[in-house]
Amino acid sequence: MIWRDEYKIGVELVDKQHQELFKRLGNFIQTVRSDKEESVKKKEVEKTLNFMGEYVATHFDAEEALQKKYNYPGFENHHQIHEEFKAEVAEFQQEYRENKFDEDFVMEFSGRLLTWLINHVASTDQDIGEHINSVIENEEETK
Amino acid sequence: MDVKNLNPIIAATDSVFQTMLSVKPEKGKVSIQEDLVTDKEANVIIGMTGDIKGSIVYSFSKDMALKVVEAMSGMEMKELDKFVTSAMGELGNIISGKATTGLAEQDLFCDIAPPQIVTGKNINITSEADKVLMVKFNTELGEFDVGFSIK
(Lines give C-alpha, C1' and ligand atoms only; values in the text may rest on other atoms or scores of the structure.)
Protein backbone atom coordinates (compact mmCIF):
# COMPACT_ATOMS: atom_id res chain seq x y z
CA MET A 1 0.00 0.00 0.00
CA ILE A 2 1.10 3.54 -0.61
CA TRP A 3 1.79 5.63 2.47
CA ARG A 4 1.72 9.42 2.06
CA ASP A 5 3.03 11.93 4.60
CA GLU A 6 -0.28 13.79 4.22
CA TYR A 7 -1.92 10.86 6.05
CA LYS A 8 -0.02 11.67 9.25
CA ILE A 9 -2.14 13.00 12.10
CA GLY A 10 0.82 14.54 13.95
CA VAL A 11 0.90 12.07 16.85
CA GLU A 12 4.00 9.90 16.57
CA LEU A 13 2.69 6.67 18.08
CA VAL A 14 -0.48 6.73 15.97
CA ASP A 15 1.39 7.63 12.78
CA LYS A 16 3.80 4.74 13.31
CA GLN A 17 0.97 2.32 13.96
CA HIS A 18 -0.92 3.51 10.89
CA GLN A 19 2.14 2.79 8.77
CA GLU A 20 2.42 -0.70 10.25
CA LEU A 21 -1.27 -1.28 9.58
CA PHE A 22 -0.80 -0.18 5.95
CA LYS A 23 2.08 -2.65 5.68
CA ARG A 24 0.05 -5.54 7.05
CA LEU A 25 -2.99 -4.78 4.91
CA GLY A 26 -0.62 -4.49 1.95
CA ASN A 27 0.75 -7.97 2.67
CA PHE A 28 -2.75 -9.36 2.91
CA ILE A 29 -3.80 -7.77 -0.39
CA GLN A 30 -0.65 -8.94 -2.12
CA THR A 31 -1.35 -12.49 -0.94
CA VAL A 32 -4.98 -12.30 -2.03
CA ARG A 33 -3.90 -11.11 -5.49
CA SER A 34 -1.01 -13.52 -5.94
CA ASP A 35 -1.37 -16.36 -8.43
CA LYS A 36 0.03 -19.04 -6.21
CA GLU A 37 -1.46 -22.49 -6.12
CA GLU A 38 -4.78 -22.52 -4.28
CA SER A 39 -3.80 -24.69 -1.32
CA VAL A 40 -0.72 -22.55 -0.62
CA LYS A 41 -2.67 -19.34 -1.13
CA LYS A 42 -5.50 -20.34 1.21
CA LYS A 43 -3.10 -20.76 4.10
CA GLU A 44 -1.19 -17.58 3.37
CA VAL A 45 -4.38 -15.53 3.03
CA GLU A 46 -5.52 -16.78 6.42
CA LYS A 47 -2.12 -16.07 7.96
CA THR A 48 -1.83 -12.51 6.63
CA LEU A 49 -5.49 -11.86 7.47
CA ASN A 50 -4.94 -12.89 11.09
CA PHE A 51 -1.67 -10.97 11.26
CA MET A 52 -3.51 -7.84 10.14
CA GLY A 53 -6.54 -8.51 12.37
CA GLU A 54 -4.33 -8.76 15.47
CA TYR A 55 -2.76 -5.43 14.72
CA VAL A 56 -6.11 -3.76 14.06
CA ALA A 57 -7.05 -4.61 17.67
CA THR A 58 -3.67 -3.47 19.07
CA HIS A 59 -3.83 -0.19 17.19
CA PHE A 60 -7.49 0.62 17.94
CA ASP A 61 -6.86 0.00 21.67
CA ALA A 62 -3.81 2.27 21.71
CA GLU A 63 -5.55 5.00 19.72
CA GLU A 64 -8.64 4.89 21.90
CA ALA A 65 -6.51 5.03 25.07
CA LEU A 66 -4.95 8.24 23.72
CA GLN A 67 -8.38 9.64 22.86
CA LYS A 68 -9.49 9.04 26.44
CA LYS A 69 -6.31 10.47 27.94
CA TYR A 70 -6.86 13.71 26.04
CA ASN A 71 -10.66 13.75 26.48
CA TYR A 72 -11.30 13.61 22.75
CA PRO A 73 -14.91 14.78 22.30
CA GLY A 74 -15.53 12.45 19.36
CA PHE A 75 -14.54 9.37 21.36
CA GLU A 76 -17.93 7.61 21.47
CA ASN A 77 -18.52 8.00 17.76
CA HIS A 78 -15.01 6.93 16.87
CA HIS A 79 -15.17 3.95 19.22
CA GLN A 80 -18.37 2.89 17.46
CA ILE A 81 -16.67 3.06 14.04
CA HIS A 82 -13.80 0.92 15.37
CA GLU A 83 -16.18 -1.65 16.89
CA GLU A 84 -18.13 -1.96 13.63
CA PHE A 85 -14.92 -2.40 11.69
CA LYS A 86 -13.57 -5.06 14.07
CA ALA A 87 -16.90 -6.91 13.86
CA GLU A 88 -16.72 -6.82 10.08
CA VAL A 89 -13.19 -8.25 10.04
CA ALA A 90 -14.17 -10.95 12.57
CA GLU A 91 -17.22 -11.87 10.50
CA PHE A 92 -15.07 -12.11 7.40
CA GLN A 93 -12.52 -14.30 9.23
CA GLN A 94 -15.29 -16.67 10.24
CA GLU A 95 -16.90 -16.78 6.81
CA TYR A 96 -13.50 -17.29 5.24
CA ARG A 97 -12.84 -20.31 7.42
CA GLU A 98 -16.24 -21.76 6.52
CA ASN A 99 -16.08 -21.04 2.79
CA LYS A 100 -12.43 -21.99 2.61
CA PHE A 101 -11.51 -20.01 -0.44
CA ASP A 102 -13.96 -18.05 -2.51
CA GLU A 103 -11.93 -15.79 -4.76
CA ASP A 104 -14.68 -13.19 -5.46
CA PHE A 105 -15.57 -12.96 -1.80
CA VAL A 106 -11.98 -12.33 -0.71
CA MET A 107 -11.29 -9.87 -3.55
CA GLU A 108 -14.39 -7.87 -2.73
CA PHE A 109 -13.59 -7.70 0.96
CA SER A 110 -9.97 -6.68 0.50
CA GLY A 111 -10.79 -4.02 -2.13
CA ARG A 112 -13.27 -2.35 0.17
CA LEU A 113 -10.82 -2.59 3.06
CA LEU A 114 -8.12 -0.81 1.05
CA THR A 115 -10.27 2.26 0.40
CA TRP A 116 -11.88 2.19 3.83
CA LEU A 117 -8.57 2.18 5.72
CA ILE A 118 -7.05 4.98 3.66
CA ASN A 119 -10.10 7.17 4.22
CA HIS A 120 -10.23 6.34 7.93
CA VAL A 121 -6.58 7.32 8.42
CA ALA A 122 -6.46 10.24 5.96
CA SER A 123 -9.76 11.79 6.96
CA THR A 124 -11.61 10.42 10.04
CA ASP A 125 -8.50 10.19 12.26
CA GLN A 126 -7.25 13.71 11.46
CA ASP A 127 -9.53 15.31 14.09
CA ILE A 128 -7.86 13.24 16.81
CA GLY A 129 -4.44 14.66 15.90
CA GLU A 130 -5.77 18.20 15.85
CA HIS A 131 -7.42 17.74 19.23
CA ILE A 132 -4.42 16.12 20.95
CA ASN A 133 -1.99 18.71 19.59
CA SER A 134 -4.19 21.62 20.65
CA VAL A 135 -4.44 20.16 24.18
CA ILE A 136 -0.65 19.81 24.33
CA GLU A 137 -0.15 23.38 23.08
CA ASN A 138 -2.57 24.74 25.70
CA GLU A 139 -0.80 22.80 28.44
CA GLU A 140 2.54 24.22 27.39
CA GLU A 141 1.19 27.77 27.32
CA THR A 142 -0.19 27.52 30.85
CA LYS A 143 3.03 26.09 32.24
CA MET B 1 -34.47 19.94 -9.29
CA ASP B 2 -31.96 22.56 -8.50
CA VAL B 3 -28.37 22.75 -9.75
CA LYS B 4 -27.33 23.88 -6.27
CA ASN B 5 -28.12 20.33 -5.05
CA LEU B 6 -25.11 19.27 -7.07
CA ASN B 7 -22.72 21.48 -5.09
CA PRO B 8 -22.35 19.22 -2.03
CA ILE B 9 -21.51 16.32 -4.35
CA ILE B 10 -18.92 18.38 -6.21
CA ALA B 11 -17.39 19.55 -2.91
CA ALA B 12 -17.31 16.00 -1.50
CA THR B 13 -15.70 14.62 -4.67
CA ASP B 14 -13.06 17.33 -4.55
CA SER B 15 -12.30 16.79 -0.88
CA VAL B 16 -12.09 12.98 -1.00
CA PHE B 17 -9.77 12.96 -4.02
CA GLN B 18 -7.47 15.50 -2.40
CA THR B 19 -7.38 13.84 1.01
CA MET B 20 -7.00 10.25 -0.12
CA LEU B 21 -5.04 10.57 -3.34
CA SER B 22 -3.44 14.04 -3.24
CA VAL B 23 -5.18 14.64 -6.56
CA LYS B 24 -7.08 17.83 -7.32
CA PRO B 25 -10.00 17.19 -9.69
CA GLU B 26 -10.72 20.00 -12.15
CA LYS B 27 -14.42 20.54 -12.57
CA GLY B 28 -15.51 20.66 -16.20
CA LYS B 29 -18.85 21.06 -17.92
CA VAL B 30 -22.12 20.70 -16.04
CA SER B 31 -25.04 19.51 -18.16
CA ILE B 32 -28.63 18.39 -17.76
CA GLN B 33 -29.56 15.17 -19.51
CA GLU B 34 -32.72 13.15 -20.02
CA ASP B 35 -31.01 9.83 -19.41
CA LEU B 36 -27.86 8.63 -17.81
CA VAL B 37 -25.82 7.26 -20.67
CA THR B 38 -22.13 6.78 -20.21
CA ASP B 39 -19.29 5.55 -22.37
CA LYS B 40 -17.20 4.89 -19.27
CA GLU B 41 -16.67 1.33 -18.18
CA ALA B 42 -16.55 1.40 -14.39
CA ASN B 43 -19.75 2.74 -12.85
CA VAL B 44 -20.58 3.02 -9.18
CA ILE B 45 -24.24 3.63 -8.36
CA ILE B 46 -25.27 4.87 -4.93
CA GLY B 47 -29.01 4.90 -4.28
CA MET B 48 -30.42 7.72 -2.22
CA THR B 49 -33.56 7.91 -0.09
CA GLY B 50 -35.05 10.57 2.14
CA ASP B 51 -35.70 14.18 1.12
CA ILE B 52 -34.03 13.42 -2.21
CA LYS B 53 -34.89 10.14 -3.89
CA GLY B 54 -32.59 9.12 -6.68
CA SER B 55 -29.03 8.11 -7.17
CA ILE B 56 -25.50 9.35 -7.60
CA VAL B 57 -23.54 7.62 -10.34
CA TYR B 58 -19.74 7.82 -10.58
CA SER B 59 -18.48 6.79 -14.01
CA PHE B 60 -14.77 6.13 -14.47
CA SER B 61 -12.92 4.98 -17.54
CA LYS B 62 -11.32 1.58 -17.07
CA ASP B 63 -7.91 3.21 -17.20
CA MET B 64 -8.74 5.71 -14.50
CA ALA B 65 -10.26 3.10 -12.17
CA LEU B 66 -7.10 1.02 -12.52
CA LYS B 67 -4.89 4.04 -11.87
CA VAL B 68 -6.84 5.09 -8.78
CA VAL B 69 -6.54 1.64 -7.25
CA GLU B 70 -2.86 1.49 -8.20
CA ALA B 71 -2.33 4.87 -6.47
CA MET B 72 -3.89 3.47 -3.29
CA SER B 73 -2.46 -0.04 -3.28
CA GLY B 74 0.91 0.49 -4.93
CA MET B 75 0.22 -2.67 -6.95
CA GLU B 76 -0.30 -3.08 -10.66
CA MET B 77 -3.94 -3.51 -11.70
CA LYS B 78 -4.74 -4.92 -15.13
CA GLU B 79 -8.44 -5.67 -15.14
CA LEU B 80 -11.65 -4.36 -13.64
CA ASP B 81 -11.75 -7.33 -11.28
CA LYS B 82 -13.73 -7.60 -8.05
CA PHE B 83 -10.90 -6.06 -6.07
CA VAL B 84 -10.79 -2.94 -8.26
CA THR B 85 -14.57 -2.49 -8.51
CA SER B 86 -15.02 -3.04 -4.80
CA ALA B 87 -12.33 -0.46 -3.96
CA MET B 88 -13.98 2.01 -6.37
CA GLY B 89 -17.41 1.22 -4.92
CA GLU B 90 -16.15 2.13 -1.46
CA LEU B 91 -14.74 5.37 -2.88
CA GLY B 92 -18.21 6.23 -4.23
CA ASN B 93 -19.69 5.31 -0.87
CA ILE B 94 -17.30 7.63 0.99
CA ILE B 95 -17.89 10.57 -1.39
CA SER B 96 -21.67 10.10 -1.20
CA GLY B 97 -21.60 9.88 2.60
CA LYS B 98 -19.76 13.18 2.72
CA ALA B 99 -22.20 14.65 0.17
CA THR B 100 -25.19 13.81 2.40
CA THR B 101 -23.55 15.89 5.16
CA GLY B 102 -23.42 18.81 2.71
CA LEU B 103 -27.02 18.23 1.60
CA ALA B 104 -28.09 18.28 5.26
CA GLU B 105 -26.70 21.82 5.43
CA GLN B 106 -29.26 22.66 2.71
CA ASP B 107 -31.91 21.08 4.98
CA LEU B 108 -32.11 18.00 2.80
CA PHE B 109 -31.80 14.84 4.87
CA CYS B 110 -30.87 11.71 2.95
CA ASP B 111 -29.64 8.17 3.47
CA ILE B 112 -27.52 6.23 1.04
CA ALA B 113 -27.56 2.58 -0.01
CA PRO B 114 -24.51 0.31 -0.46
CA PRO B 115 -22.72 0.71 -3.80
CA GLN B 116 -23.80 -1.20 -6.88
CA ILE B 117 -21.24 -1.76 -9.60
CA VAL B 118 -21.96 -1.81 -13.31
CA THR B 119 -19.12 -2.45 -15.75
CA GLY B 120 -19.12 -2.56 -19.53
CA LYS B 121 -19.21 -0.33 -22.58
CA ASN B 122 -21.90 2.22 -23.51
CA ILE B 123 -24.10 1.74 -20.54
CA ASN B 124 -27.55 3.22 -20.20
CA ILE B 125 -28.33 3.35 -16.53
CA THR B 126 -32.09 3.49 -16.35
CA SER B 127 -33.58 5.38 -13.53
CA GLU B 128 -37.01 6.82 -12.98
CA ALA B 129 -35.44 10.24 -12.86
CA ASP B 130 -36.92 13.14 -14.81
CA LYS B 131 -33.53 14.62 -15.41
CA VAL B 132 -29.93 13.90 -14.65
CA LEU B 133 -27.41 16.54 -13.62
CA MET B 134 -23.98 15.62 -14.93
CA VAL B 135 -20.62 17.06 -14.07
CA LYS B 136 -17.35 16.14 -15.70
CA PHE B 137 -14.05 16.06 -13.84
CA ASN B 138 -10.53 15.93 -15.14
CA THR B 139 -7.63 14.69 -13.04
CA GLU B 140 -4.04 13.62 -13.59
CA LEU B 141 -5.33 10.04 -13.30
CA GLY B 142 -7.96 10.49 -16.01
CA GLU B 143 -11.49 11.74 -16.56
CA PHE B 144 -14.67 10.79 -14.79
CA ASP B 145 -18.30 11.86 -14.64
CA VAL B 146 -20.61 12.23 -11.70
CA GLY B 147 -24.33 12.05 -12.43
CA PHE B 148 -27.05 12.99 -9.98
CA SER B 149 -30.50 11.78 -10.88
CA ILE B 150 -33.44 12.87 -8.81
CA LYS B 151 -36.84 11.25 -9.07
Side-chain angles (χ1 to χ4, degrees), chain A residues 1-9 18-19 21-35 41 45 48-49 52 74 77 80-81 84-85 88-89 92 99 101-127 129-130, chain B residues 11-24 42 44 46 58 60 62 64-102 112-119 140-141 144:
Chain A
M1 278 179 72
I2 301 223
W3 174 263
R4 299 170 200 273
D5 278 345
E6 291 92 329
Y7 296 162
K8 283 185 181 171
I9 72 161
H18 281 160
Q19 285 174 69
L21 201 50
F22 268 52
K23 212 190 267 175
R24 292 193 188 199
L25 178 58
N27 286 341
F28 171 61
I29 292 171
Q30 220 143 25
T31 312
V32 167
R33 296 188 61 84
S34 71
D35 25 291
K41 195 166 155 176
V45 165
T48 52
L49 172 65
M52 180 198 68
N77 188 34
Q80 194 58 36
I81 294 172
E84 280 165 23
F85 181 77
E88 214 177 312
V89 173
F92 177 82
N99 288 343
F101 192 83
D102 177 342
E103 183 94 22
D104 281 356
F105 180 62
V106 182
M107 291 274 268
E108 231 174 299
F109 173 76
S110 50
R112 191 156 44 86
L113 208 59
L114 167 75
T115 311
W116 186 92
L117 184 69
I118 295 175
N119 179 60
H120 186 74
V121 167
S123 176
T124 317
D125 279 351
Q126 294 300 317
D127 285 348
E130 264 173 46
Chain B
T13 303
D14 197 66
S15 154
V16 170
F17 268 85
Q18 291 204 52
T19 313
M20 292 184 64
L21 296 155
S22 301
V23 161
K24 166 109 184 91
V44 177
I46 307 280
Y58 304 86
F60 303 92
K62 177 182 170 184
M64 175 161 185
L66 298 179
K67 277 187 183 161
V68 167
V69 179
E70 283 179 353
M72 293 195 286
S73 66
M75 296 166 214
E76 194 187 7
M77 300 291 142
K78 287 178 184 157
E79 293 301 326
L80 290 177
D81 57 29
K82 288 264 178 198
F83 179 83
V84 172
T85 57
S86 173
M88 294 309 284
E90 181 60 19
L91 192 69
N93 185 43
I94 291 164
I95 297 171
S96 306
K98 228 183 168 59
T100 58
T101 310
I112 54 169
Q116 287 176 278
I117 311 291
V118 180
T119 56
E140 61 198 67
L141 301 174
F144 67 101

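Chain identifiers are assigned alphabetically (A, B, ...) following the order of the sequence lines, protein sequences preceding nucleic acid strands; residue numbering begins at 1 within each chain. Atom set for the values below is all heavy atoms of this structure, side chains included, hydrogens, waters and symmetry mates excluded.
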Heavy-atom distance under 4.5 Å between the side chains of Phe109(A) and Val32(A), does that happen here? no
Side chain / backbone / both / neither for Leu114(A) at chain B, heavy atoms under 4.5 Å: side chain
Suppose we count any N or O donor within 3.5 Å of an acceptor, strictly below that value; which pairs fall between chain B and chain A?
| residue | atom | partner | partner atom | Å |
| --- | --- | --- | --- | --- |
| Met20(B) | O | Tyr7(A) | OH | 2.5 |
| Ser22(B) | OG | Glu6(A) | OE2 | 3.3 |
| Ala71(B) | O | Arg4(A) | NH2 | 3.0 |
| Met72(B) | O | Ile2(A) | N | 3.1 |
| Ser73(B) | O | Met1(A) | N | 3.1 |
| Asp81(B) | OD2 | Arg33(A) | NH1 | 3.1 |
| Asp81(B) | OD2 | Arg33(A) | NH2 | 3.0 |
| Ser86(B) | OG | Glu108(A) | O | 2.5 |
| Ser86(B) | OG | Arg112(A) | N | 3.2 |
| Ala87(B) | O | Thr115(A) | OG1 | 2.8 |

Do Phe92(A) and Leu113(A) come within less than 4.5 Å of each other through their side chains, counting heavy atoms only? no
Given the options Val68(B), Val69(B), Val16(B), Ile94(B), which has more heavy-atom pairs under 4.5 Å with chain A than any of the others? Ile94(B)
Set of residues satisfying side chain to side chain contact (heavy atoms under 4.5 Å, CB included) with respect to Val118(B), sequence neighbours excluded: Asn43(B), Ile45(B), Ile123(B)
Test side chain to side chain contact (heavy atoms under 4.5 Å, CB included) applied to Ala65(B) - qualifying residues, sequence neighbours left out: Ala42(B), Phe60(B), Leu80(B), Val84(B), Met88(B)
Name the option with the most non-hydrogen atom pairs under 4.5 Å to chain A; the candidates are Ala87(B), Pro115(B), Gly89(B). Ala87(B)
Set out, in order, the CA-CA distance, both residues' side-chain angles and the distance that settles side chain to side chain contact (heavy atoms under 4.5 Å, CB included) for Leu21(A) and Leu117(A), then state yes or no. CA-CA 9 Å; Leu21(A) 201 50; Leu117(A) 184 69; 3.8 Å; yes
Interface moiety of Met20(B) toward chain A, non-hydrogen atoms closer than 4.5 Å: both
Any chance you could measure Leu49(A), atom CG, to Leu25(A), atom CG, to the nearest 0.5 Å? 10.0 Å
